[in-house]
2 protein chains.
Amino acid sequence: MQLELSVDRSSPVPLYFQLSQQLEAAIEHGTLTPGSLLGNEIELAARLGLSRPTVRQAIQSLVDKGLLVRRRGVGTQVVHSQVKRPLELSSLYDDLEAAGQRPATEVLVNTVVPASAEVAAALGVAEDSEVHRVERLRLAHGEPMAHLCNFLPPGLIDLDTGQLQATGLYRLMRAGGITLHSARQSIGARAATPEEAERLSEAPGAPLLTMQRVTFDDTGRAVEYGTHTYRPTRYSFEFQLLVRT
Amino acid sequence: MQLELSVDRSSPVPLYFQLSQQLEAAIEHGTLTPGSLLGNEIELAARLGLSRPTVRQAIQSLVDKGLLVRRRGVGTQVVHSQVKRPLELSSLYDDLEAAGQRPATEVLVNTVVPASAEVAAALGVAEDSEVHRVERLRLAHGEPMAHLCNFLPPGLIDLDTGQLQATGLYRLMRAGGITLHSARQSIGARAATPEEAERLSEAPGAPLLTMQRVTFDDTGRAVEYGTHTYRPTRYSFEFQLLVRT
DNA sequence: TCAATCCGTATGTCCGGACAATCTGACTAC
DNA sequence: GTAGTCAGATTGTCCGGACATACGGATTGA
């Protein structure tokens with residue numbers, strides 16, 4: 001069976017991208033079965049009327065995503081796996097929404113405060129300079145799921161409480177023209193203090209999952225620092241890692 | 001100031017790789033300061049006697065690593081950041097060793113057992129078929145730090161208890177010719193059961209950090225399934241994420 | 001029968017060029 | 001003075017080709 005592939009040269013979408021998307025869809029859809037060979041690049045290029053570098057670029061992007069494996073002298077084949085999606089810099093809100101959990105947000109605090117030493121260090125601003133402080137309770141199905149405390153440098157975006165309740169922080173930042181690039185995360189656990197327990201409807205001393213994160217944009221600026229606590233009975237971090245080669 | 005770059009055409013090391021390594025070293029070393037422009041690709045190629053695609057390939061690999069940012073019409077610049085290294089598929093043993101913690105391992109169990117439904121599903125083998133089971137206690141500075149329970153499909157590598165005590169499982173697998181490729185992880189927290197507490201010198205009910213992981217090799221085969229528990233006072237997961245674009 | 005060698009095949013690396021898209025900054029027109 | 005326009009610079013995309021390198025199987029030799 002031959003895979004149906006075609007490219008539209010009149011489209012502004014790059015040819016290699018058109019191809020990689022079609023291949024990815026075919027893999028996702030099961031048309032390209034795990035372990036099957038993709039056919040050699042030269043012939044594939046000829047069939048599509050493309051050059052080999054263009055085809056290689058398309059294939060390479062899928063190799064980077066972990067969907068394909070190249071073997072010199074053998075060919076390119078579809079990875080076997082239950083592999084889904086590699087770890088992205090995800091937002092809790094999007095994660096919940098994707099899981100069909102109907103997330104809701106209760107904004108507890110939305111104000112401007114002087115930066116503590118810890119916050120100043122994380123965001124790379126002067127101590128006691130003004131930063132935004134946002135504290136939110138994230139609910140799913142009406143049940144509290146996480147307590148989110150975030151700090152943002154001033155002048156980045158305007159934090160409207162209404163918008164914060166309707167969507168996630170990352171989405172607001174992206175909409176504000178910020179290109180998220182990387183983040184430094186730390187995930188741990190500890191026992192809930194009485195206040196934390198109260199907020200999350202847990203018993204004092206119950207285990208909590210904690211996450212701290214500093215997010216950087218594409219210029220390397222810190223754009224957000226957050227301290228989150230999650231109810232481990234309701235949430236865990238799930239992700240797919242790829243080996244850097 | 002001009003950056004000193006050169007390539008050795010007689011070396012078997014690919015030219016683009018030589019270049020990317022030199023650039024990475026310059027960034028690491030601070031010779032290329034954050035925010036500085038890299039100079040345009042054409043001129044850089046001419047200076048090195050390389051073609052533009054080769055230079056682009058070198059630059060692209062650093063962009064993928066998050067060290068550089070390209071801007072059309074502007075140029076390529078070094079990212080500002082406190083960015084260190086993106087998340088790798090790391091082994092606890094290597095992590096501890098890199099942190100100077102002198103890890104030690106106590107092998108509690110090293111045997112072959114029939115696969116439970118959970119293990120069979122994770123490894124993609126038949127239920128009740130034989131799998132290796134390894135249970136270890138990981139110590140740092142003589143203090144218990146984590147309890148590691150792993151399952152491996154049969155015939156992959158031979159698990160020598162002595163070797164398991166001297167090094168980490170991932171290192172053994174790599175040494176056994178297995179190319180680790182990706183892993184699916186889940187990180188959560190829960191209260192310690194009396195047995196877990198005993199093993200890790202914690203109080204019953206104390207919070208524990210838990211991690212489950214299925215690791216795949218480059219053909220998509222599952223090569224390891226593990227259930228780990230960590231003492232959150234001694235260990236947390238730290239990593240750097242890059243946004244997939 | 002088994003091992004070493006050869007060869008076809010496919011990817012890996014590299015070249016030189018062409019044109020398009022986009023950003024910045026300066027110039028111009030209102 | 002402000003906004004729109006234009007030009008230069010730089011990366012993005014794409015082409016067609018060349019040779020190197022590694023894998024696997026078939027052939028050959030012991």
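Order of the sequence lines fixes the chain letters, A, B, ..., with proteins taken first and strands second; residue numbering starts at 1 for each chain.
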Does anything in residues 32-42 of chain A form a salt bridge (charged side-chain N to carboxylate O under 4.0 Å, His left out)? List the pairs, not counting sequence neighbours.
A:Glu41-A:Arg52, A:Glu41-A:Arg56, A:Glu41-A:Arg70

With side-chain hydrogen bond (donor to acceptor under 3.5 Å, both in side chains) as the test, would you mind laying out the steps for A:Asn110 and A:Arg133 before giving the verdict?
CA-CA 6 Å; A:Asn110 182 7; A:Arg133 176 196 172 98; over 6 Å; no

Starting at CG of A:Leu44 and ending at C1' of C:dA10, how long is that distance when rounded to a whole Å?
13 Å

Rounded distance (Å) that lies between atom P of D:dT10 and atom CD of B:Gln77:
13 Å

For nucleotides 11-17 of chain D, 5' to 3', base contacts (B), sugar-phosphate-only contacts (S) and non-contacts (-) with protein non-hydrogen atoms under 4.0 Å give BBBSBB-

Euclidean distance, A:Tyr16 OH relative to A:Ile59 CD1, rounded to 0.5 Å
14.5 Å

A:Glu28 atom CD, neighbour heavy-atom count above 12 within 6.0 Å:
no

Around atom CZ of A:Phe17, are there more than 12 heavy atoms of other residues, nucleotides or ligands at under 6.0 Å?
no

